[in-house]
Amino acid sequence: MSATEAVSCCAPLAAPALSDEQAEATAALFRALGDPARVRIVNMLATAGGEVCGCDLTEGLGLSQPTVSHHLKKLHESGLLEREQRGKWAYYSLKRDAVSTLAAVTDLNEACC
């Protein structure tokens, strides 16, 4: 299953039932966000208002460039990020459909009384 398929297969956690495929896709999405640095990267991209060069994330995260690149790769592979190569620099942004899916997956308002 590709990263895009994984994100599109996720079902809301409050759904009446999840198939094995939906449960696996949802778990993969949560694994991608299972590191505080990755959550911070998503936050930084969400508040940036556009594309961000991977090189600009190292200082804000207080992490080395190879570590930031590793986390960006994991988020990209999960289907959460768009990546555009411009010369030697890579620019990242959140995938709109993936963010919408993430919001829907985590919506438990109907499940709570």
Side-chain angles (χ1 to χ4, degrees):
M1 174 181 310
S2 74
T4 304
E5 290 171 327
V7 170
S8 65
C9 284
C10 293
L13 293 176
L18 293 175
S19 69
D20 289 344
E21 183 178 68
Q22 289 171 324
E24 181 56 42
T26 303
L29 187 60
F30 282 115
R31 275 193 301 275
L33 293 169
D35 185 285
R38 293 184 203 148
V39 173
R40 291 183 63 211
I41 289 170
V42 169
N43 173 256
M44 292 170 82
L45 293 173
T47 59
E51 298 174 327
V52 176
C53 180
C55 62
D56 293 331
L57 296 172
T58 55
E59 187 176 324
L61 292 168
L63 299 172
S64 68
Q65 183 275 323
T67 301
V68 172
S69 291
H70 167 76
H71 290 306
L72 287 167
K73 180 181 177 185
K74 293 293 186 184
L75 289 168
H76 180 258
E77 289 174 348
S78 76
L80 286 171
L81 301 186
E82 295 277 359
R83 180 181 187 273
E84 182 183 335
Q85 192 71 37
R86 297 181 194 164
K88 68 177 185 173
W89 305 112
Y91 287 78
Y92 295 88
S93 60
L94 293 173
K95 281 188 175 178
R96 184 178 308 273
D97 61 333
V99 171
S100 296
T101 300
L102 180 61
V105 165
T106 57
D107 183 9
L108 294 173
N109 287 329
E110 297 299 318
C112 299
C113 298

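One-based numbering along the sequence shown. Model, not experiment: these values are computed from the prediction.
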Do [X] and [Y] come close enough that some side-chain heavy atom pair is under 4.5 Å?
{"X": "Leu80", "Y": "Leu33", "value": "yes"}
{"X": "Val99", "Y": "Val42", "value": "no"}
{"X": "Tyr91", "Y": "Val52", "value": "no"}

Within this structure, what is the [atom1]-[atom2] distance for the pair [X] and [Y], rounded to the nearest 0.5 Å?
{"X": "His70", "Y": "Leu63", "atom1": "NE2", "atom2": "CG", "answer": "11.0 Å"}
{"X": "Leu61", "Y": "Thr67", "atom1": "CG", "atom2": "OG1", "answer": "10.0 Å"}
{"X": "Leu81", "Y": "Tyr92", "atom1": "CG", "atom2": "OH", "answer": "8.0 Å"}
{"X": "Leu94", "Y": "Thr47", "atom1": "CG", "atom2": "OG1", "answer": "9.5 Å"}
{"X": "Ser69", "Y": "Lys74", "atom1": "OG", "atom2": "NZ", "answer": "13.0 Å"}

Practice task
Using the side-chain contact (heavy atoms from CB on, under 4.5 Å) rule, take Asp35 and Val39 through it: C-alpha gap first, then chi angles, then the decisive distance, then the call.
Solution key: CA-CA 7 Å; Asp35 185 285; Val39 173; over 6 Å; no
Identify the heavy atoms of [X] and [Y] that sit nearest to each other, and give their distance.
{"X": "Gly79", "Y": "Lys95", "value": "O-CD, 3.1 Å"}
{"X": "Ala32", "Y": "Arg38", "value": "O-CD, 2.9 Å"}
{"X": "Gly50", "Y": "Ser93", "value": "O-CB, 4.4 Å"}
{"X": "Gly60", "Y": "Arg40", "value": "O-NH2, 2.9 Å"}

Practice task
Ignoring hydrogens and angles, tell me if any N or O in the side chain of Glu51 forms a donor-acceptor pair with the backbone of Cys53 under 3.5 Å.
Solution key: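 Checking the backbone N and O of Cys53 against the side chain of Glu51, no donor-acceptor pair under 3.5 Å is found.
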Exercise for the section: Kindly say whether Ala23 contributes a backbone atom to a donor-acceptor pair with the side chain of Thr26 at under 3.5 angstrom? Expected result: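 Here the side-chain-to-backbone pair does not exist.
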Problem - Arg86 CZ: over 12 foreign heavy atoms closer than 6.0 Å - result: yes
Exercise for the section: Evaluate whether atom CD of Glu59 has more than 12 neighbouring non-hydrogen atoms of other residues, nucleotides or ligands under 6.0 angstrom away. Expected result: no
Problem - No-hydrogen, no-angle side-chain donor-acceptor test under 3.5 Å, Arg83 and His76 - result: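 Looking only at side-chain atoms, His76 and Arg83 do not form any donor-acceptor pair under 3.5 Å.
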Problem - Set of side chain to side chain donor-acceptor pair (under 3.5 Å) partners for Glu82, sequence neighbours left out - result: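 Partners of Glu82 by the side chain to side chain donor-acceptor pair (under 3.5 Å) criterion come out as none, since no residue qualifies.
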